[in-house]
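Atoms considered below: every heavy atom in the structure, side chains included; atoms not considered: hydrogens, waters and symmetry mates.
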Amino acid sequence: MEPLLQQIEEYKKEIELAEAPNAEALETFRIKFLGTKGLVKTLMGEMKNVPNEQKREFGQVMNAFKLLAEEKYEVLKSATDNSPLTTHDEIDWSLPGDPLPLGSRHPISLVRNKIVSIFKRLGFAVAEGPEIEDDWHNFGALNLPEDHPARDMQDTFYINQNPSWMLRTHTSNVQIREMEKGKLPIRLIMPGRVYRNETISARAHCFFHQVEGLYVAENVSFADLKQTLYFFVKEMFGQDVKVRFRPSYFPFTEPSAEMDISCLICGGKGCNVCKQTGWVEILGCGMVHPNVLQNCGIDPNKYTGFAFGMGIERITMLKYQVKDLRLFSENDVRFLKQFTAAI
Ligand code: 2NL
């Protein structure tokens, strides 16, 4: 074993004296001592030739040797990490720069921005408000008393420390807060994130995005509502789109309606997007219920208003033919990158 130990001593000296002025020299050091065919591995392999009574000693020597090589490697590595990769003369200053990868806006942001810009042209301003809300602003003021069955469809998340606070189920809370300020007329849209206690699937999520709109003034009529929304969908989906209103029910509007547009996929002939009907629902709307105006201190005999609400995810799915709602919150760049050139 003696010659072997002697050889190890020599390698130890070599390690101690080793220098690595650049990354290449560092790699050479690593390969020579620590690589899969390096000296540490090779010398370890000598164990089988060492007589049994000396195996223990040899093992100890080898462990120390390995440690020395590893420690030296770390020291050399941190020194090269801190030194410039190349000297000034080695850099080719005429090379073109590295391209900066351009990101893209999230499809929900794209569509929200588009909705906002369309309504801005009609004189609507943007209002925002809290996502954590009290019962009055999320339900009570909207003509949804505590035992109202419509609350069942809007089960949400409550705050443990204070169960009278909840995550808002729609952005209507912002309208209520704006109406309470008492400054009329009001012509506002409210984009924002909302929450529902739903099982997550391709068609439902526990959070999503909404844009609601509100116009309160003297002599606001259902005709104003129809014309405003008609203008909106034509700007959003193209001038050829057709609309229809179906009577509906919301506790906070009377009368209430849902608006359908002619199916963009089949042009109204019938396909699986429109379930063979030729129409797809895109929003709910109506004339603000007199109780809601009253709840906010507005005289319903003097003022009338219309309101509407739409899910941004739904509009985005229709506009870009996205089949699964979950794609919007998974942050998969392969999905998000497809919107680089979208408007
Ligand atoms: C839907 C339907 C709607 C409203 C939202 C509203 C707000 C106030 C007063 C009256 Cl403060 N109405 N908002 C009205 C009708 C429908 O949303 O399906 N949204 C996704």
Side-chain angles (χ1 to χ4, degrees), residues 99-119 126 128-129 131-132 153-157 166-174 189-213 229 232-238 240-241 243 258-285 308-343:
L100 283 176
L102 262 192
S104 54
R105 287 206 192 285
H106 193 283
I108 297 295
S109 304
L110 288 171
V111 171
R112 182 206 50 212
N113 292 351
K114 174 101 179 155
I115 298 171
V116 167
S117 82
I118 295 170
F119 281 105
V126 173
E128 286 180 310
E131 289 184 18
I132 303 175
M153 285 184 294
Q154 296 198 12
D155 186 22
T156 181
F157 301 97
M166 65 189 79
L167 296 184
R168 67 178 179 191
T169 58
H170 39 211
T171 57
S172 312
N173 67 324
V174 189
I189 53 165
M190 352 274 148
R193 184 173 285 182
V194 300
Y195 302 84
R196 305 253 168 116
N197 186 5
E198 297 260 4
T199 307
I200 297 169
S201 72
R203 306 168 136 265
H205 211 293
C206 58
F207 65 81
F208 56 98
H209 300 80
Q210 252 197 341
V211 177
E212 288 205 17
L229 294 178
F232 163 68
V233 288
K234 287 216 278 189
E235 291 298 308
M236 190 75 202
F237 296 107
D240 297 333
V241 73
V243 298
E258 275 163 295
M259 192 172 94
D260 297 342
I261 57 169
S262 49
C263 182
L264 303 161
I265 310 297
C266 63
K269 287 191 194 76
C271 66
N272 41 8
V273 171
C274 61
K275 298 191 198 87
Q276 312 304 330
T277 64
W279 297 96
V280 284
E281 181 194 321
I282 65 152
L283 56 81
C285 57
F308 57 87
M310 64 188 107
I312 304 181
E313 276 80 354
R314 185 163 177 78
I315 309 269
T316 311
M317 286 169 102
L318 286 172
K319 196 167 165 66
Y320 295 117
Q321 297 179 40
V322 178
K323 301 254 172 345
D324 192 321
L325 196 65
R326 288 167 291 198
L327 286 163
F328 293 126
S329 49
E330 281 169 347
N331 273 345
D332 186 333
V333 280
R334 290 169 303 179
F335 171 69
L336 298 173
K337 257 170 50 182
Q338 296 176 60
F339 297 89
T340 309
I343 43 111

Tell me whether [X] contacts the main-chain N or O of [Y] through its side chain, where contact means a donor paired with an acceptor under 3.5 Å.
X	Y	answer
Ser104	Leu336	yes
Gln338	Arg334	yes
Thr156	Leu167	yes
Lys319	Met236	yes
His205	Arg196	no
Arg168	Arg193	yes
His170	Ser172	no
Thr171	Met190	yes

For side-chain contact (heavy atoms from CB on, under 4.5 Å), just list the numbers for Glu128 and Val174, CA-CA rounded to whole Å, side-chain angles, deciding distance to a tenth of an Å, and then say yes or no.
CA-CA 6 Å; Glu128 286 180 310; Val174 189; 5.5 Å; no
Derivation and outcome, side-chain contact (heavy atoms from CB on, under 4.5 Å), residues Val241 and Val233:
CA-CA 7 Å; Val241 73; Val233 288; 4.1 Å; yes
Looking at Ile132, I'd like to know if its CD1 atom is crowded, meaning that more than 12 non-hydrogen atoms belonging to other residues, nucleotides or ligands lie closer than 6.0 Å.
no
Return yes when atom CG of Asp332 has more than 12 non-hydrogen atoms of other residues, nucleotides or ligands closer than 6.0 Å, and no otherwise.
yes
Note, [X] side chain near [Y] side chain (heavy atom, < 4.5 Å):
X	Y	answer
Ile282	Ile315	yes
Val280	Ile261	yes
Gln210	Ile312	no
Pro191	Val126	yes
Cys263	Trp279	no
Phe308	Ile189	yes
Val322	Leu327	yes

What about the rings of Phe208 and Tyr195, do their centers lie closer together than 6.0 Å?
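Judged by ring-centre distance (under 6.0 Å), Phe208 and Tyr195 do not meet the cut-off.
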Verdict with supporting geometry, Met310 and Ile115, side-chain contact (heavy atoms from CB on, under 4.5 Å)
CA-CA 10 Å; Met310 64 188 107; Ile115 298 171; 4.3 Å; yes
Rounded at 0.5 Å granularity, tell me how far [atom1] in [X] sits from [atom2] in [Y].
X	Y	atom1	atom2	answer
Leu325	Thr316	CG	OG1	9.5 Å
Asp260	Thr277	CG	OG1	7.5 Å
Glu281	Lys275	CD	NZ	9.0 Å
Arg314	Arg203	CZ	CZ	7.5 Å
Arg326	Ser201	CZ	OG	6.0 Å
Phe207	Glu131	CZ	CD	10.5 Å

Results of salt bridge (Lys or Arg N to Asp or Glu O under 4.0 Å) for Arg105 - residues two or more places apart only:
none
How close do [X] and [Y] get, heavy atom to heavy atom, and via which atoms?
X	Y	result
Glu198	Cys206	O-CB, 4.1 Å
Leu318	Phe237	CB-CE2, 4.4 Å
Cys274	Cys271	SG-N, 3.2 Å

Measure the acute angle between the ring planes of Phe232 and Phe119, then classify it against the limits of 30° and 60° as parallel, tilted or perpendicular.
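It falls in the parallel class, under 30°.
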Check: Glu313/His209 side-chain N/O donor and acceptor closer than 3.5 Å
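Yes, His209 and Glu313 have a side-chain donor paired with an acceptor closer than 3.5 Å.
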For the pair Leu229 and Leu283, evaluate side-chain contact (heavy atoms from CB on, under 4.5 Å) and give the outcome as yes or no after the intermediate values.
CA-CA 9 Å; Leu229 294 178; Leu283 56 81; 3.7 Å; yes
